[in-house]
Student: 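The following block contains the structure, expressed as structure tokens.
Since this is a predicted model, take the numbers as computed values, not measurements.
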Amino acid sequence: MTPDPAQERYTHGIRENLHQFSHQLGQVFLVGLTIGMMRTVVPALAESEFGVAEGSFMMLTSFVVAFGFVKGTLNFGDWAWRYSTRT
């Protein structure tokens, strides 16, 4: 069986793919920073700036989940064309 010529141009290893590896590493780092900020900075900011009570996590979570569900449903397939404001 002869090897596929398309597969011969792929190289494996971190050194050969350092650009892609460093890009992925940077993305993981930024996502980690974002999640860390969401867990520490955002609740304190919500309480001090917007007056959101500390124990209202479930209320805010239910709003975000409901908003995401409705937006996802309306953007899905034929629903987007039938019920959107596009002309």
Side-chain angles (χ1 to χ4, degrees):
M1 185 161 95
T2 61
D4 187 13
Q7 289 181 346
E8 289 180 8
R9 61 184 173 175
Y10 294 117
T11 57
H12 298 286
I14 293 176
R15 184 172 294 134
E16 290 81 8
N17 298 300
L18 188 60
H19 178 71
Q20 291 177 344
F21 179 77
S22 60
H23 187 253
Q24 181 71 26
L25 187 67
Q27 285 181 340
V28 169
F29 178 72
L30 291 175
V31 167
L33 284 177
T34 303
I35 291 173
M37 183 183 70
M38 296 273 301
R39 295 187 66 159
T40 58
V41 175
V42 172
L45 186 66
E47 188 176 355
S48 66
E49 295 295 320
F50 301 110
V52 177
E54 187 177 340
S56 63
F57 175 75
M58 287 304 292
M59 179 184 71
L60 293 172
T61 302
S62 64
F63 170 76
V64 169
V65 168
F67 179 81
F69 178 75
V70 170
K71 184 166 178 58
T73 302
L74 290 178
N75 285 336
F76 184 70
D78 193 38
W79 285 68
W81 294 106
R82 210 178 316 168
Y83 298 109
S84 70
T85 58
R86 296 181 205 147
T87 57

Student: Apply the hydrophobic cluster definition, ILVMFWY joined by side-chain contacts under 4.5 Å directly or through others, and give me every member besides Val28.
Tutor: none
Student: What's the separation between atom CG in Leu30 and atom CD1 in Ile35, rounded to the nearest 0.5 Å?
Tutor: 11.5 Å
Student: Is the closest side-chain heavy-atom distance between His23 and Gln27 below 4.5 Å?
Tutor: yes
Student: Going by side-chain heavy atoms closer than 4.5 Å, which hydrophobic residues are tied to Phe67, directly or by a chain of links?
Tutor: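 Noted: Phe67 shares its cluster with no other residue.
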